[in-house]
Undergrad: 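Have a look at this one.
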Amino acid sequence: QVQLVESGGGLVQAGGSLRLSCAASGRTVSRYAMGWFRQAPGKEREFVAAITGTSINTVYADSVKGRFTISRDNAKNTVYLQMNSLKPEDSAAYYCAASKSFGRSVPYDYWGQGTQVTVSS
């Protein structure tokens, strides 16, 4: 089992920045690829970014490419999502997830409870 707890969400003005954190515990987290997803009210959950266990590879949704950066610190069992140049359309609940595979469409086995990000115009 892997437990995931997100933090760092909040209210920010358009153009601002936030850094989300995802603290992981349980099995050796470094063996898992990690991803961030988001879901806005009335919309389907969408992929945001993913990173391999060794941080060698990352992948981003086109909508956040160049603005968001995913990273991880395996010594701290923590994954980050640095979000810059935020837009109102980035407002959503953000979830981190762990997978035995890397990518945007692979099965994610473990999920956190989410943290809310609201971007005001």
Side-chain angles (χ1 to χ4, degrees):
Q1 287 285 344
V2 175
Q3 293 79 42
L4 303 172
V5 179
E6 302 93 337
S7 62
L11 174 64
V12 64
Q13 288 188 336
S17 299
L18 281 175
R19 188 177 80 158
L20 305 184
S21 298
C22 174
S25 61
R27 293 184 176 179
T28 306
V29 178
S30 61
R31 296 180 180 177
Y32 290 84
M34 299 295 293
W36 285 96
F37 293 78
R38 67 186 182 186
Q39 187 169 20
K43 295 187 177 181
E44 293 187 356
R45 184 173 62 198
E46 64 173 348
F47 170 82
V48 175
I51 188 168
T52 53
T54 57
S55 301
I56 289 179
N57 290 315
T58 59
V59 61
Y60 296 91
D62 288 344
S63 58
V64 306
K65 200 173 296 182
R67 299 188 298 123
F68 290 12
T69 302
I70 188 171
S71 62
R72 66 191 297 165
D73 184 340
N74 286 339
K76 296 182 178 180
N77 283 344
T78 302
V79 180
Y80 304 98
L81 185 67
Q82 177 67 43
M83 306 186 295
N84 299 328
S85 302
L86 282 161
K87 305 175 182 179
E89 51 263 43
D90 294 318
S91 297
Y94 282 72
Y95 301 87
C96 70
S99 174
K100 297 175 184 175
S101 303
F102 169 70
R104 65 182 72 209
S105 301
V106 299
Y108 280 80
D109 305 295
Y110 303 100
W111 293 83
Q113 294 299 308
T115 185
Q116 181 67 37
V117 172
T118 303
V119 184
S120 63
S121 58

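The structure displayed is predicted, hence computed values, not measured ones.
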Undergrad: Could you note down all residue pairs passing salt bridge (Lys or Arg N to Asp or Glu O under 4.0 Å) where residues 31-42 supplies at least one of them, sequence neighbours left out?
TA: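 Sorted result for residues 31-42: R38-E46, R38-D90.
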Undergrad: Atom CG in L81, atom OH in Y95: separation rounded to 0.5 Å?
TA: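 Here the rounded value is 15.0 Å.
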Undergrad: Which of these, V79, T52, T78, sits in a side-chain contact (heavy atoms from CB on, under 4.5 Å) with M34?
TA: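 Single pass found, and it is V79.
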Undergrad: Hey, what do you get for CD (Q3) to CD (Q113), rounding to the nearest 0.5 Å?
TA: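 Q3 CD to Q113 CD: 11.5 Å, rounded to 0.5 Å.
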Undergrad: Given side chains that start at C-beta, do those of Y110 and Q1 come closer than 4.5 Å, heavy atoms only?
TA: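 Side chain of Y110 against side chain of Q1, heavy atoms only: contact under 4.5 Å found.
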Undergrad: Nearest heavy-atom pair of Y60 and I70: which atoms, and what distance?
TA: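 It is OH-N, 2.9 Å.
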Undergrad: Mind listing the closest non-hydrogen atom pair of Y80 and D73 along with its distance?
TA: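 In terms of heavy atoms, the two residues are closest at CE1-CB, 4.1 Å.
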Undergrad: Determine yes or no for a side-chain-to-main-chain donor-acceptor pair under 3.5 angstrom, with N74 supplying the side chain and T54 the backbone.
TA: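 No; judged by distance alone, with no hydrogens or angles, the pair does not exist.
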Undergrad: If you compare all heavy atoms of A40 against all heavy atoms of S91, which two are closest, and at what distance to 0.1 Å?
TA: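 Closest heavy-atom pair between A40 and S91: CB-O, 3.7 Å.
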Undergrad: Excluding sequence neighbours, so at least two apart, what forms side chain to side chain contact (heavy atoms under 4.5 Å, CB included) with S85?
TA: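 Once residues adjacent in sequence are excluded, the partners of S85 under the side chain to side chain contact (heavy atoms under 4.5 Å, CB included) criterion are R67.
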Undergrad: Could you grab the distance from atom CG of N84 to atom CZ of F68, nearest 0.5 Å is fine?
TA: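 Answer for the CG-CZ pair, N84 versus F68, is 8.5 Å.
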Undergrad: Which value, rounded to the nearest 0.5 Å, describes the distance between N77 atom CG and S30 atom OG?
TA: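 Here the rounded value is 7.5 Å.
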Undergrad: Got a sec, which residues hit side-chain hydrogen bond (donor to acceptor under 3.5 Å, both in side chains) with K65, two or more places apart in sequence or on another chain?
TA: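 Applying side-chain hydrogen bond (donor to acceptor under 3.5 Å, both in side chains) to K65 gives D62.
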Undergrad: Please report the closest heavy-atom contact between Q39 and R45, naming both atoms and the distance.
TA: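 Closest heavy-atom pair between Q39 and R45: NE2-N, 3.7 Å.
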Undergrad: Identify the heavy atoms of Q82 and S17 that sit nearest to each other, and give their distance.
TA: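 Minimum heavy-atom contact is NE2-CB, 4.0 Å.
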Undergrad: How would you list all residue pairs meeting disulfide bond (SG atoms under 2.5 Å apart) that involve residues 82-121, not counting sequence neighbours?
TA: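 Passing the test, one end in residues 82-121: C22-C96.
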Undergrad: So how far is it from R72 CZ to S21 OG, rounded to the nearest 0.5 Å?
TA: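 Here the rounded value is 13.5 Å.
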Undergrad: Tell me every residue that passes ring-ring contact (aromatic ring centres under 6.0 Å, His included) with F37, counting only those two or more places apart in sequence or in another chain.
TA: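 With neighbours one apart ignored, the set is F47, Y108, W111.
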Undergrad: Counting N and O atoms only, with roles assigned by atom type, does the side chain of T115 sit under 3.5 Å from a partner on the main chain of S7, one being a donor and the other an acceptor?
TA: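 Not a single qualifying donor-acceptor pair exists.
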Undergrad: Same cluster or not: V106 versus Y32, using hydrophobic residues (I, L, V, M, F, W, Y) connected whenever any side-chain heavy atoms lie under 4.5 Å apart?
TA: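 No, because V106 and Y32 fall into different hydrophobic clusters, even though each may have its own neighbours under 4.5 Å.
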Undergrad: V117: what forms a side chain to side chain contact (heavy atoms under 4.5 Å, CB included) with it, not counting sequence neighbours?
TA: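 For V117 the side chain to side chain contact (heavy atoms under 4.5 Å, CB included) partners, ignoring immediate neighbours, are L18, L20, M83, Y94, V119.
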Undergrad: Working to the nearest 0.5 angstrom, can you tell me the gap between S101 OG and D109 CG?
TA: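 One gets 8.0 Å once the value is rounded to the nearest 0.5 Å.
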